[in-house]
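What follows is a short report on a single structure.
Reminder, nothing fancy here: chain letters follow the sequence lines and each chain counts from 1.
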Protein chains: 2
Amino acid sequence: MSAIADVARLAGVAKATASRALSGRGYVSEATRLRVVAAAREIGYVASPNAASLVTGRTKNVGVIIPFISRWFFSEVLESLEQALLAEGYDMTLYNLPAASAERDSVFEYFLARKRFDGVISVGVALSEAEVDRLHRLGRPLIGIGGPIRDVHTIAIDDVATARLATEHLLGLGHVDVVHVGGDPIDEMDFRVHSQRLSGFYSAMRDAGRSTDRCFYPCEFSMPGGYEVGLSVLGDPRTRPTAIFAASDEIAIGVIVAARELGIQVPAELSVIGIDGHPYADMFRLTTLEQHPRRQGRLAVSALLTELARPTDADARLEEDGYLTVLPTNLVIRSSTSGPHRPRS
Amino acid sequence: MSAIADVARLAGVAKATASRALSGRGYVSEATRLRVVAAAREIGYVASPNAASLVTGRTKNVGVIIPFISRWFFSEVLESLEQALLAEGYDMTLYNLPAASAERDSVFEYFLARKRFDGVISVGVALSEAEVDRLHRLGRPLIGIGGPIRDVHTIAIDDVATARLATEHLLGLGHVDVVHVGGDPIDEMDFRVHSQRLSGFYSAMRDAGRSTDRCFYPCEFSMPGGYEVGLSVLGDPRTRPTAIFAASDEIAIGVIVAARELGIQVPAELSVIGIDGHPYADMFRLTTLEQHPRRQGRLAVSALLTELARPTDADARLEEDGYLTVLPTNLVIRSSTSGPHRPRS
DNA sequence: TTTTCTGCTGGAACCGGTTCCAGTAACAGC
DNA sequence: GCTGTTACTGGAACCGGTTCCAGCAGAAAA
């Protein structure tokens, strides 16, 4: 293919001058710049990023590690990351990390270890201490979404506070039998989301003077998961709660579908609230606390760019590293929640 | 960082020997190989893929262009692509291409034009002639999923035949008023999927001697899209069909949700069939034709690797290029379809 | 014994850019 | 007039690998 030497020859200048003309760094007279650009266009020259990054150390490439692609939150984040990075001229290399496995190790030991990235964005991955260390040792900026990760600037919502808000919404409507359906805290894959939302729920209940006995039902973090638990929790009319706080909109929708199948009126007989702001929420008239994954993605990219722009002054970095950007969630009230129509006992 | 020269020095050999020892190409005695490997491990040497690809021309990186990330089919394909590529030691660089736009042009003109990829996989993107040309001019293997793309090996299901199968299933059950709810063929973004499924539906109807008047309702290709159209199509009891073939499982589920809200029994009063094999299908007892996106992804990767392994003999390539791998779909019957319980007229 | 082959190694060129440094010309200030 | 600065350009080194080529043993073939 055509290299910059060909461009230089055609334009009648030295390689160095051609490089300056095309990259825009250093002195080049306007006349020669135009000549070089014309020559480049004429032979269809495209720069080799490999060669450039070999000497500059910059790759214009960002690595993204993410545990799921198909789940709503993650795919939204991913889309926004890709858009934001592309707009800044960065490529995005994607690593879909499942739970601890040989592949996972190979990503950390082999793929991430090579000097291919200017920075890394970690989305909602529960990282082991060793993995965090390894990432830090890369010496490249690292931004987290949904953290926190040790010594890493992380973008996240406050899961505890959000869960508390959701619970308080139900309690404020006058519900007594409030139940939480969410991910199992034992399943560490989902970061601390499960346990944090659970603890937000518990603390809101305790603050309201409610018992926290037998009011948490773990389920798979998906619509079928919510559906299944919904069927069993709502199955017995005598023990049926009047309100359910679901850890995600998908779970909430699964619960609503189960309720409808059982002939339970929502919200007359059962109030349901979720967290997410899922596009299906409107269709199921689901009251929810919206988090905004795309905004989180955009913020992560701009945080990364800020770190990249910062001159590599190791001391300043260590000092300022490890802070947290907490994003607000907002309550969107639809008609899946109301006061308890037929309060029992 | 440590370079291969450091390894060579430590092992007491030349750079060339160290390179051979670590890459496994060319003659190296077992004794020196071990010494080099030990030295590399000692100083934590990791090869720079940039430097290597600069001279070999191989980047061990594959570009993937895809129009959506959050839609089920696409996210499944993406996950399987990532896994398969990773297993083969390839990085995956992701481009999420929306409809025609400036960003889209920049991907083709700037990002893809650089020599960063060994190959490109295009997933369900409707490419313009100019874009196909540009990809071909890269001189790198190109594999499509959900094509066909001109002169490109493509993995796909037969959308026409699959739609025909779905329609025939409903007709075979004795349904007379069969309706198709699917994507608008005018919306070109989704490749030819919309129009192909529609034409498969039409041809099955015609073959069965049915009229094709007013039996297609375009909708957004999503669950809310199906829900909305479902409400309006099913709203009037006098014109209500007894069976609906939805172009995707998400649309089908939207229709089912609408039917349930309207108090219409499925399948007693309404049969619904979809296409996909979506994980929600089971929960809604949806009869569907499963396509297997993960298998499509895996096949695309192995096809790409085959092309990469092939010695670059331009003639042989041109000759063999442009064939199609058609994957079967399989009918999974659940309880959203049955014979018409109360046939009208 | 001489020649050929095989296994192994090192030196050097090379991939395609960027950047440092030296050098020149023009122009300002003294 | 001389010196200092500024704008611009070219030569060469360099990034970190891979690969070609030559050289050199020792073993096998003639």
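With respect to the salt-bridge test (charged N to carboxylate O, under 4.0 angstrom), the residues A/E30 and A/R33 qualify. Note on A/R104 versus A/E131: salt bridge recorded, some NZ/NE/NH1/NH2 to OD/OE distance being below 4.0 Å. Ion pairing of A/R140 with A/E307 is absent here, as no side-chain N (NZ or NE/NH1/NH2) approaches a carboxylate O to less than 4.0 Å.
When distances are taken from the side chain of B/S48 to each of D/dG16, C/dT9, C/dG10, the shortest belongs to D/dG16. The side chain of B/A16 sits closest to C/dA12 out of C/dA12, D/dG17, D/dC21.
Shown for residues 22-29 of chain A: residues whose heavy atoms fall under 4.0 angstrom of DNA chain C, namely A/R25.
Among A/I69, A/I65, A/V64, the single residue meeting the side chain to side chain contact (heavy atoms under 4.5 Å, CB included) criterion with A/N96 is A/I69.
B/R35 has its CZ atom 8 Å from the P atom of C/dG10, to the nearest Å. Distance B/I4 CD1 to D/dC14 P: 19 Å, rounded to the nearest Å. Regarding A/L54, its CG atom lies at a distance of 13 Å from the C1' atom of C/dT19, rounded to whole Å. Rounded to whole angstrom, the span from the NZ atom of B/K60 across to the P atom of D/dG16 amounts to 22 Å. Atom CZ in A/R9 sits roughly 12 Å away from atom P in C/dG17 (whole-Å rounding). Nucleotide C/dG7 holds its P atom 17 Å from the CZ atom of B/R33, rounded to whole Å. Atom P of nucleotide D/dC14 and atom CG of A/N50 are separated by 22 Å, given to the nearest angstrom.
Checking the phosphate oxygens (OP1, OP2) of D/dT9, no side-chain nitrogen or oxygen of A/T17 falls inside 4.0 Å. One finds no side-chain N or O of B/T56 lying less than 4.0 angstrom from the OP1 or OP2 phosphate oxygen of D/dT18. Contact annotation: B/S19 does not reach the phosphate of D/dG17 (side-chain N/O to OP1 or OP2, under 4.0 Å). Taking side-chain N and O atoms only, B/Y45 has no distance below 4.0 Å to OP1 or OP2 of D/dG16.
Partners of A/F111 under the ring pair (Phe, Tyr, Trp, His ring centres under 6.0 Å) rule, at least two apart in sequence or in another chain, are A/Y95.
If you check every strand for non-hydrogen atoms under 4.0 Å, A/V46 touches sugar and phosphate atoms only. Among the atoms of the strands shown, only primed sugar atoms or phosphate atoms (P, OP1, OP2) are found under 4.0 Å from some heavy atom of A/T32. Within the 4.0 angstrom heavy-atom criterion, no nucleotide atom of any strand lies near A/V7.
Between A/F74 and A/G124, the closest heavy-atom pair is CE2-CA, 4.3 Å.
Along DNA chain C, the nucleotide nearest to B/A51 and the one nearest to B/R20 differ in position, and the one closer to the 5' end is contacted by B/R20.
One donor-acceptor pair, N or O on each side, does fall under 3.5 Å between the base of C/dG17 and the side chain of A/K15.
For the pair B/R114 and B/Y110, the cation sits on the ring face: its NZ or CZ lies under 6.0 Å from the ring centre, inside 45° of the axis.
A distance-only check finds no donor-acceptor pair linking the side chain of B/T93 to the backbone of A/D91 [under 3.5 Å].
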